[in-house]
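What follows is a short report on a single structure.
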Number of protein chains: 2
Amino acid sequence: MTTKPKARTTTGSVDRRALRDGVYDAVLEMLLDGTTPPGSSLGIDSLARELGVSPTPVREALVQMEHTGLVSRTALKGYKVAPPLGPEQMTELLDARTMLELSAVERAAPHTETLLPDLKIAHAEHVLSAHRVRRRQQQHGQAPKGYADLREYFNADWEFHLVIIRAARNRFLLQMAESLSAHVHRLRQSADLGVYDLDQAVAEHAEIIAAFESRDELAPVEAMRAHLAGVAERSVEQA
Amino acid sequence: MTTKPKARTTTGSVDRRALRDGVYDAVLEMLLDGTTPPGSSLGIDSLARELGVSPTPVREALVQMEHTGLVSRTALKGYKVAPPLGPEQMTELLDARTMLELSAVERAAPHTETLLPDLKIAHAEHVLSAHRVRRRQQQHGQAPKGYADLREYFNADWEFHLVIIRAARNRFLLQMAESLSAHVHRLRQSADLGVYDLDQAVAEHAEIIAAFESRDELAPVEAMRAHLAGVAERSVEQA
DNA sequence: AACTCCCATATCCTATAGGATTTATCGTGG
DNA sequence: CCACGATAAATCCTATAGGATATGGGAGTT
């Protein structure tokens with residue numbers, strides 16, 4: 001499996017991506033798939049052999065991933081998959097996310113004119129991927145099990161939020177949001193959501209857009225607050 | 001040549017610090033001293049030779065430092081010191097910090113009883129280091145030039161804020177704050193503050209403590225807001 | 001039977017070497 | 001005098017090897 005020689009040299013492409021970025025993506029995919037149980041040790045040369053590279057880029061990718069909280073390192077002992085988020089940690093995550101996104105909406109409101117087109121595009125992508133997931137679910141009976149199917153939907157959903165955060169014109173807020181994104185994804189992975197969540201999320205996103213279109217200063221904040229409250233409710237519902 | 005490349009093994013402590021952590025601290029110190037001009041390239045094996053280690057731990061330390069924003073990496077080109085914060089970036093930083101710390105104060109208010117002792121200790125340390133800096137300034141005439149003298153004061157000041165943020169009992173907020181700390185330090189380094197700022201900061205911190213002691217829910221938030229507004233005012237005053 | 005000590009294996013951490021790429025310098029032509 | 005191209009040095013990126021350390025199992029003792 002995955003025994004590709006990687007075509008390492010002289011690809012002539014505009015990639016400009018070092019090997020460590022590719023390793024980072026591979027490990028991230030591996031973690032988000034949920035195949036690796038939490039607490040299992042991530043051996044460096046094990047990953048190196050598995051990916052067909054040397055330990056050095058693997059080490060760098062793990063260092064980069066350390067700050068996301070998905071892996072934890074113990075000096076001279078190695079890396080291991082971080083334990084799953086407990087109930088109180090989940091509450092903390094939702095709380096921090098709410099704080100951050102509400103502030104972002106406040107700061108994005110003055111730029112509603114330039115924000116709305118991008119937001120509508122992101123919403124369309126979200127709706128489309130939701131349709132696709134629903135179609136897939138109807139075909140395969142239920143529970144597509146393969147997380148890769150939902151991956152596209154999650155990205156579209158998160159992209160909707162990112163568009164708003166980008167409109168806040170504050171790179172530190174954006175940095176914080178990206179720092180939280182991995183945890184948000186992992187939280188949703190653990191919560192085996194059903195098909196109803198899709199409809200509700202899409203509807204709440206639509207209300208956020210409507211709130212922005214109303215040109216009311218407070219409406220978007222309230223719409224986002226309602227949406228995140230719904231997300232929190234649906235998340236703890238699983239636990 | 002202030003480096004001790006030897007005798008790092010089996011110190012008996014529970015730290016278990018690998019070499020890459022030491023390199024990280026060394027590079028951080030180097031950057032915060034302000035001796036390295038922004039935009040200058042940080043050669044990997046240059047640092048390796050300078051610190052007396054191999055390139056591998058240097059590389060890992062730089063990867064770890066990449067996410068703080070103090071250094072920027074271009075694939076296949078190397079690392080360089082990040083450009084200094086422009087005026088709008090400074091505004092963004094203060095804005096993000098205000099948002100974060102006000103939220104932290106709100107969440108810390110319910111735990112005032114356990115918070116106050118630690119806060120008073122941190123405040124005492126802050127006052128002490130302020131005295132020390134003032135004494136030093138009176139001796140050396142003015143402008144201690146050596147940033148290392150102010151380093152202790154900055155840490156004490158920031159520790160005061162960290163105590164409050166820790167009391168918020170939200171590890172993601174704390175993570176965000178630590179992510180911002182490097183930028184805050186660098187901002188203060190560029191702003192060559194005078195002795196009056198010390199008194200004002202100490203006074204405002206004391207008012208924050210008084211606000212917590214008043215057992216009023218809103219008072220601490222307002223006190224922190226006033227403090228951060230003062231910090232912003234004194235920062236832009238330099239530009 | 002339970003505990004301690006010791007050793008073998010696996011892994012991490014650091015150092016060194018080689019291939020690929022970028023940047024600087026120098027010479028030549030317009 | 002300026003622009004352009006080729007060569008050379010420096011640097012980055014990756015691979016491999018060796019020393020140091022933690023973990024697991026077995027023998028011996030109480």
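Reckoned from all heavy atoms, side chains included, excluding hydrogens, waters and symmetry mates. Chain letters run A, B, ... following the sequence lines, proteins first and then strands; every chain starts at 1.
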Self-check item: Side chain of A:V53 (C-beta onward), nearest among C:dA15, D:dA15, D:dT14
Solution: D:dA15

Quiz item: Does atom CD of A:E125 have more than 12 heavy-atom neighbours from other groups under 6.0 Å away?
Solution: no

Practice problem: Using side chain to side chain contact (heavy atoms under 4.5 Å, CB included) as the criterion, point out the one residue from A:V27, A:L42, A:V23, A:L19 that pairs with A:V58. | Solution: A:V23

Exercise. Could you check which of C:dT14, D:dT14, D:dT11 has an atom nearest any side-chain atom of A:P57?
Key: D:dT14

Practice problem: Mind calculating the distance between CG (B:L19) and P (C:dT16) to the nearest angstrom? | Solution: 13 Å

Practice problem: Indicate yes or no: does A:D157 engage A:R188 in a salt bridge with an N to O separation below 4.0 Å. | Solution: yes

Quiz prompt | Between P of D:dA9 and CG of B:D45, the distance in whole Å | solution = 16 Å

Quiz item: Between C:dT23, D:dT23, D:dA15, which nucleotide gets closest to the side-chain atoms of B:K77?
Solution: C:dT23

Practice problem: For residues B:R49 and B:D45, determine if any side-chain heavy atom of one lies less than 4.5 Å from a side-chain heavy atom of the other. | Solution: yes

Exercise. From the options C:dA15, D:dC13, C:dC12, select the nucleotide whose nearest atom is closest to the side chain of A:I44.
Key: C:dC12

Quiz item: Starting at NZ of B:K80 and ending at P of D:dA10, how long is that distance when rounded to a whole Å?
Solution: 23 Å

Practice problem: Give one of base, sugar-phosphate or nothing for A:L62, where a contact means two heavy atoms less than 4.0 Å apart. | Solution: nothing

Quiz item: Can you check whether A:V63 reaches B:R20 side chain to side chain, under 4.5 Å on heavy atoms?
Solution: yes

Exercise. Using a cut-off of strictly less than 4.0 Å, decide whether B:S54 has a side-chain nitrogen or oxygen near OP1 or OP2 of C:dT14.
Key: no

Quiz item: Which listed nucleotide (D:dT11, C:dC12, C:dT16) is nearest to the side chain of B:S46?
Solution: D:dT11

Self-check item: Interatomic distance where OH belongs to A:Y79 and C1' belongs to C:dC13 [whole Å]
Solution: 11 Å

Self-check item: Any A:R20 side-chain N or O less than 4.0 Å from OP1/OP2 of D:dC13
Solution: no

Quiz item: For B:E50 and D:dT11, what is the distance between atoms CD and P respectively, to the nearest whole Å?
Solution: 13 Å

Practice problem: Could you state the atom-to-atom distance from CG of A:L76 to P of C:dC13 in whole Å? | Solution: 6 Å

Quiz item: Does A:R73 place a side-chain N or O at less than 4.0 Å from the phosphate oxygens OP1/OP2 of C:dC13?
Solution: yes

Quiz item: Rounded to the nearest Å, what distance is computed from the CG atom of residue A:L51 to the P atom of nucleotide D:dT14?
Solution: 13 Å

Exercise. Give the rounded distance in Å between these two atoms: CZ of B:R17 and P of D:dT21.
Key: 16 Å

